[in-house]
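Structure, as structure tokens:
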There are 2 protein chains.
Amino acid sequence: MTQTNKQPPPATPKQAAACCGPIDQWLDPEFFKAFSDPTRVSLVACIAKCGRGCSVGEVAECCSVDFSVVSRHLALLARSGVLEARKEGRTMYYRVRYAELCRSLRSLADALEECCPAPDSQKGTCNGACC
Amino acid sequence: MTQTNKQPPPATPKQAAACCGPIDQWLDPEFFKAFSDPTRVSLVACIAKCGRGCSVGEVAECCSVDFSVVSRHLALLARSGVLEARKEGRTMYYRVRYAELCRSLRSLADALEECCPAPDSQKGTCNGACC
DNA sequence: TGTTTGTTTGCGTCATTATGCAAGTATTGC
DNA sequence: GCAATACTTGCATAATGACGCAAACAAACA
């Protein structure tokens, strides 16, 4: 498969928020789904800790599931923008997209904070326009 | 249900990483699972934009699924630490745990960066101890 | 060309999850 | 107590997802 990684960071902008920060833009279910499976998470952690590109075979060694399962998980992770795939000969190398991931995570945190009412008060300012 | 929200931030520390930053600690599948469903995401976005506690009924108005489905999703989101539940009379108010969410997201970003090799080089320093 | 190696894909199975409806519980007001 | 309101729970169904096995594919090598 000619892995066409999404060029924009993992959480692809969807539609603009109605009345506050660009929170919808960063709350992409597809992005979070990538991390919602324990096996997938351990694969990402394994590659992340390596700090370099890892082949499918290498990654498969660090967990107990079938080789084909690892292959499928890694492909999914690449599709959702978490990993970057690079083919070299017959070997497929997957690498964590550190910068893009960090940017997405921090952008979401920023967007959340924009929605957040004053740190102590809990009254908020909903005018009914948003929900 | 007496909603006992997890007191620690959403991503509950699990086990320490083998050879680098505390990345496993923040890569909690349960946390990400909360955001992996489109319906749930829209509910969170709705409450987040309001910036205050919203009742189940209010939230249900902003999406097309059954009332009971909303109730269940909100309960799940509270269990996974994304929302905070507060009962007032017969009304249940759900509020986004902004601070805890932001902290979790930023901690994960930090942990990822710790694993990240030098910004430009892609060689990394895997010694085989981690995967 | 045939074989080995590294990875992907098809397919069937099992488990989990999302959903709606109807019935249940809890709290308030009459 | 009784009815209304706000929400939760039980149950059945349909959809989705994870998994392993076997076969297919692609690149390198003999």
Side-chain angles (χ1 to χ4, degrees), chain A residues 1-5 28-47 50 52-80 82-95 131, chain B residues 1-5 28-47 50 52-80 82-95 131:
Chain A
M1 189 194 287
T2 317
Q3 199 65 59
T4 28
N5 285 325
D28 181 6
E30 290 307 314
F31 170 62
F32 288 97
K33 202 175 284 178
F35 291 105
S36 70
D37 179 74
T39 305
R40 241 165 3 235
V41 163
S42 69
L43 298 181
V44 174
C46 168
I47 302 179
C50 268
R52 57 169 176 82
C54 296
S55 71
V56 179
E58 275 177 313
V59 184
E61 278 172 35
C62 81
C63 74
S64 55
V65 297
D66 192 81
F67 199 87
S68 67
V69 172
V70 173
S71 170
R72 250 185 285 250
H73 277 314
L74 294 180
L76 185 151
L77 286 162
R79 273 197 304 278
S80 45
V82 174
L83 302 180
E84 184 188 300
R86 180 175 51 88
K87 190 158 193 177
E88 205 169 284
R90 53 192 165 190
T91 307
M92 196 69 163
Y93 290 100
Y94 284 97
R95 196 181 63 79
C131 55
Chain B
M1 188 194 289
T2 319
Q3 199 66 59
T4 29
N5 285 324
D28 181 5
E30 288 307 313
F31 169 63
F32 288 98
K33 203 176 281 178
F35 291 104
S36 69
D37 179 75
T39 305
R40 246 175 346 246
V41 163
S42 69
L43 298 181
V44 174
C46 168
I47 302 180
C50 267
R52 57 169 176 83
C54 295
S55 71
V56 179
E58 276 177 315
V59 183
E61 278 172 34
C62 80
C63 73
S64 55
V65 296
D66 193 79
F67 196 88
S68 67
V69 172
V70 173
S71 169
R72 251 185 283 251
H73 277 313
L74 294 180
L76 185 150
L77 286 162
R79 274 199 303 279
S80 45
V82 174
L83 301 180
E84 184 187 299
R86 179 174 51 89
K87 191 159 192 176
E88 206 169 283
R90 55 192 164 191
T91 308
M92 196 70 164
Y93 289 100
Y94 285 98
R95 196 180 65 77
C131 55

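Applying the side chain to side chain contact (heavy atoms under 4.5 Å, CB included) criterion to A/Ser36, with sequence neighbours excluded, gives A/Lys33, A/Arg40, B/Lys33, B/Ser36. Legend: residues meeting side chain to side chain donor-acceptor pair (under 3.5 Å) with B/Ser68, ordered by chain and number and at least two apart, are B/Asp66. Residues meeting the ring pair (Phe, Tyr, Trp, His ring centres under 6.0 Å) test with A/Phe32, sequence neighbours left out: B/Phe32, B/Phe35. Residues that satisfy the side chain to side chain contact (heavy atoms under 4.5 Å, CB included) test with B/Arg90, not counting sequence neighbours, are absent from this structure. In this structure A/Val70 satisfies the side chain to side chain contact (heavy atoms under 4.5 Å, CB included) test together with A/Leu43, A/Val56, A/Val59, A/Ala60, A/Cys63, A/Val65, A/Leu74, sequence neighbours excluded.
Atom CD in B/Glu61 sits roughly 14 Å away from atom C1' in D/dT5 (whole-Å rounding). Atom-to-atom, NZ of A/Lys33 to C1' of D/dA18 comes out at 13 Å; the value is rounded to the nearest Å. In this structure, A/Leu77 atom CG and D/dA18 atom P are separated by 10 Å, rounded to whole Å. Taking atom CE on B/Met92 and atom C1' on C/dT25, their separation rounds to 13 Å, with Å as the unit. Atom CZ of A/Phe67 is separated from atom P of C/dT9 by 13 Å (rounded to the nearest Å). Distance B/Leu74 CG to D/dA6 P: 16 Å, rounded to the nearest Å. Protein atom CD of B/Glu30 is 12 Å distant from nucleotide atom P of C/dT16, rounded to whole Å. Atom CG in B/Leu76 sits roughly 11 Å away from atom P in C/dT19 (whole-Å rounding).
Residue A/Tyr94 places no side-chain N or O under 4.0 Å from the OP1 or OP2 atom of C/dG6. Under 4.0 angstrom from either OP1 or OP2 of D/dT8 there lies at least one side-chain N or O belonging to B/Ser71. Considering only side-chain N and O atoms, A/His73 lies nowhere under 4.0 angstrom from the phosphate OP1 or OP2 of D/dG17. In this structure, A/Thr39 does not reach the D/dA18 phosphate: none of its side-chain N or O atoms is under 4.0 Å from OP1 or OP2.
Listed nucleotides: C/dA18, D/dA6, D/dA18. Nearest to the side chain of B/Thr91: D/dA6. Set against D/dT8, D/dC19, C/dT19, the side chain of A/Val65 has D/dC19 as its closest nucleotide.
The two atoms that bring A/Arg52 and A/Ile47 nearest to each other are O-CG2, 4.0 Å, heavy atoms only.
Nearer the 5' end of DNA chain D, as judged by each residue's closest nucleotide, is the contact made by B/Tyr93, out of A/Arg40 and B/Tyr93.
A salt bridge between A/Arg86 and A/Glu84 is absent, with no side-chain N of the basic residue lying under 4.0 Å from a carboxylate O of the acidic one.
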**Asked** How does protein contact run along nucleotides 22-30 of chain D, one letter per nucleotide 5' to 3', with B for base contact, S for sugar-phosphate only, - for none, heavy atoms under 4.0 Å?
**Response** B----BB--
